[in-house]
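The next block holds one structure in the form of structure tokens; read it before the comments.
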Amino acid sequence: PGYYEDLDLGWRAGRAGYKIIWDPKCIVSHATPESTFNKTFTPRHLQRLKDRNYLLAHWRNLSHDQIVPHLLSVFRRTLSHPGYLIPTIQALIRYI
């Protein structure tokens, strides 16, 4: 839970055959953005949660031809930002 579930839902709906529409006039606002998360987690923990959930959303929705480029991207990011290894491992544990 937390972050990227709307992206995940949109991808799955598209794959299921639903028509995805974008209306630039639509506005979504949160009364208190990230208030619960900001009170519960430190900024570092919150970033790791976002990174982990970003990876999970992608892994659950990538097509076969997107897997290798995505994994190379994750590998490059981990090399340039070694701290990214933590949310990557967290995502792997949840994904398996």
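Since we're looking at a predicted model, the values are computed, not measured.
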(message) Taking OH in Tyr54 as the centre, count heavy atoms belonging to other residues, nucleotides or ligands within less than 6.0 Å. Is the count above 12?
(response) no
(message) To the closest 0.5 Å, what do you measure between CG (Leu92) and CG (Leu56)?
(response) 8.5 Å
(message) Checking the side chain of Asp8 only, and the main-chain atoms of Tyr4 only, is there a donor and an acceptor separated by less than 3.5 Å?
(response) no
(message) Counting only heavy atoms not in Arg15 (residues, nucleotides, ligands), do more than 12 fall under 6.0 Å from its CZ?
(response) yes
Throw together a table of side-chain donor-acceptor distances under 3.5 angstrom for residues 84-91, partners on residues two or more places apart or in other chains.
unit_1 : atom_1 : unit_2 : atom_2 : d
Thr88  : OG1    : Tyr84  : O      : 2.8

What pairs of donor and acceptor atoms, side-chain ones from residues 76-83 against any protein atom, are under 3.5 angstrom apart with sequence neighbours left out?
unit_1 : atom_1 : unit_2 : atom_2 : d
Thr78  : OG1    : Val74  : O      : 2.8
Ser80  : OG     : Arg76  : O      : 3.2
Ser80  : OG     : Arg77  : O      : 3.2

(request) Evaluate the side-chain proximity of Arg60 to Tyr95: yes if any heavy-atom separation is below 4.5 Å, no if none is. (result) yes
(request) Calculate, to the nearest 0.5 Å, the distance between atoms NE2 and CG belonging to His70 and Asp65 respectively. (result) 13.5 Å
(message) Nearest 0.5 angstrom please: Trp11 CH2 to Leu7 CG, how far?
(response) 4.0 Å
(message) Minimum heavy-atom separation for Ile20 and Gly10, please, with both atom names.
(response) CD1-O, 3.7 Å
(request) First locate atom CG of Leu9, then atom CZ of Arg12, and finally report the distance between them rounded to the nearest 0.5 Å. (result) 6.0 Å
(message) Give me the atom names and distance for the closest heavy-atom approach of Tyr3 to Asn53.
(response) O-CB, 3.6 Å
